[in-house]
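Okay, structure first, notes after.
Keep in mind it's a predicted model, so treat the numbers as computed, not measured. Remember, it's 1-based here, ligands and their atoms both numbered in the order they're listed. Scope of the values below: all heavy atoms of this structure, side chains included, with no hydrogens, waters or symmetry mates.
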Amino acid sequence: MLAIDETTITEAALAQMESTPDPRLKEIIAALVRHLHAFAREVDLTPEEWLNGIKFLTSVGQKCTEFRQEFILLSDTLGMSSLVNAMHDRRALEDGTKSSLLGPFYRQDSPTLPLGASIAGKGKQPDTVIYGSVVNTAGEGIPNASVEIWQPDDEGWYDLQKQDPSQMDLRGRFYTDSEGRFYLKSIAPTGYMIPMDGPVGDMIRAQRRHGYRPAHIHFVIGAPGYREVVTALYLSGDPHLDSDTVFGASESLVVSVNPHDDASPYPDLKSIRFDFQLAALAGEAESGRVGADPSQILQKAAH
Ligand code: BEZ
Ligand code: FE
């Protein structure tokens, strides 16, 4: 019989998993086991420390509800979501707009609104127009592309963080016109601290990180025959652009808020303009979403 000890355990675990019929599952779990074991050896992990890790992950799971996704927050704050996004972009046939984080505040069933509508509800006066085009890599407009948008309010809160999180605000879905253009009204968002009242917040404080995200607006953009892009636009001048707690801000996604813009469909409002470029689809659609509506993740986990 094999003696299980520090030098044999990794091979023993891998050998037992050899029976996995799904080759991709087998590859992923084998690599996970090898790297987990290497990590434990590298830090000479003690039982107490591993138990603390297990308690931490347990509390991450306990914090999840249909309106809150603490695991996405963990993935984001560890840089894992941005790494997976960058590898997803690298697999594209063509270079399109760079991906950024979906984050924990996406909702799948936001209202479809006509072009020009405001996404700012409940007495908020829209003062900003967000407009541009969805184009292919040749610069041609893509008609009828779906533009999903969501953002925090001018104090940095998403609707999902409000007293009644079932009430939607500052989100919507638009479809581009026959030339690929979109335009809508909103308010300019501010930067905000990621949710710090859970185990991920405890981790961020233990690491003496500030916990802030620079001001940004989220988008999921898609059209038949093109690769969906999950991204965000970051407002220039924000003090946390270079130290985003979740590593989503990136140079090519920084936009300025223009106080007056004659080219805007609403020249009297402040404007943010951006053209999103979609890469052609290479065969099967591959999801670029690191995350989902929190309620969907909970439903899938229950199965
Ligand atoms: C967000 O941008 O909505 C977000 C992303 C990662 C963590 C927290 C919030
Ligand atoms: Fe956000």
Side-chain angles (χ1 to χ4, degrees), residues 59-61 63-86 88 97-108 110 119-120 128 130 147-162 165 168-173 186-205 207 209-221 229-236 238-250 252-255 257 272 274 288-297:
S59 59
V60 170
K63 199 74 189 166
C64 295
T65 69
E66 64 178 307
F67 301 118
R68 169 108 181 217
Q69 234 311 321
E70 195 77 357
F71 271 112
I72 297 294
L73 203 55
L74 181 61
S75 164
D76 296 344
T77 51
L78 294 178
M80 190 66 181
S81 304
S82 276
L83 170 61
V84 173
N85 279 342
H88 173 74
T97 297
K98 190 174 157 51
S99 293
S100 189
L101 302 171
L102 187 83
F105 299 123
Y106 173 72
R107 291 176 95 162
Q108 59 175 350
S110 64
I119 58 170
T128 304
I130 301 167
V147 177
E148 278 179 275
I149 178 170
W150 69 106
Q151 61 161 90
D153 65 18
D154 50 358
E155 293 180 354
W157 299 105
Y158 286 86
D159 52 5
L160 276 174
Q161 298 173 289
K162 300 274 170 75
M168 291 205 195
D169 190 20
L170 287 166
R171 58 180 80 231
R173 184 197 284 261
S186 188
I187 54 173
T190 60
Y192 60 87
M193 208 179 238
I194 63 164
M196 295 288 277
D197 58 338
V200 172
D202 294 340
M203 178 187 82
I204 295 291
R205 274 184 294 275
Q207 296 169 328
R209 292 161 69 183
H210 56 58
Y212 277 97
R213 293 219 68 200
H216 60 273
I217 303 166
H218 295 268
F219 294 87
V220 174
I221 310 228
V229 66
V230 177
T231 192
L233 299 179
Y234 294 86
L235 303 195
S236 66
D238 190 289
H240 298 113
L241 273 178
D242 281 323
S243 61
D244 183 356
T245 306
V246 293
F247 315 101
S250 199
S252 65
L253 300 175
V254 175
V255 290
V257 182
I272 295 171
F274 195 81
R289 301 181 182 197
V290 182
D293 185 318
S295 65
Q296 261 188 313
I297 299 181

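The ligand atoms of ligand 1 that sit less than 4.0 angstrom from a heavy atom of Leu73 are 7 (C), 8 (C). Numbered from 1 in the order shown, with element, the atoms of ligand 1 that lie under 4.0 Å from a heavy atom of His216 read 1 (C), 2 (O). Of all atoms in ligand 1, listed by their number and element, those nearer than 4.0 Å to a heavy atom of Asp76 are 5 (C), 6 (C), 7 (C). Of all the atoms in ligand 1, the ones that sit under 4.0 Å from a non-hydrogen atom of His218 are 1 (C), 2 (O), 3 (O). Close contacts of ligand 1 with Arg213, meaning ligand atoms under 4.0 Å from a residue heavy atom, involve 1 (C), 2 (O), 4 (C), 5 (C).
Under a 3.5 Å cut-off, the side chain of Arg171 and the backbone N or O of Asp159 do not form any donor-acceptor pair. In this structure, the side chain of Ser100 engages the main chain of Gly248 through a donor-acceptor pair within 3.5 Å.
A salt bridge does not link Asp76 to Arg213: none of the charged nitrogens lies less than 4.0 Å from a carboxylate oxygen.
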CA sep, side-chain torsions, deciding dist, call: Leu102, Ile72, side-chain contact (heavy atoms from CB on, under 4.5 Å): CA-CA 9 Å; Leu102 187 83; Ile72 297 294; over 6 Å; no
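Ring-centre distance between Trp157 and Tyr192: not below the 6.0 Å cut-off.
At least one heavy atom of Tyr158 sits less than 4.0 Å from an atom of ligand 1.
The N, O or S atom of His218 lying closest to the Fe ion (ligand 2) is NE2.
Using a 3.5 Å distance cut-off with no hydrogens or angles, the side chains of His210 and Ser243 do pair a donor with an acceptor.
Ser110 OG to Met168 CE: the interatomic distance, rounded to the nearest 0.5 Å, is 6.5 Å.
When heavy-atom distances to ligand 1 are checked against a 4.0 Å cut-off, Phe247 has no atom that comes that close, whether in backbone or side chain.
Rounding to 10 degrees, one finds that the Fe ion (ligand 2) sits at the corner of an angle of 100° between Tyr158 OH and Tyr192 OH.
Among all non-hydrogen protein atoms, the one lying nearest atom 1 (C) of ligand 1 is Tyr192 OH, 2.7 Å.
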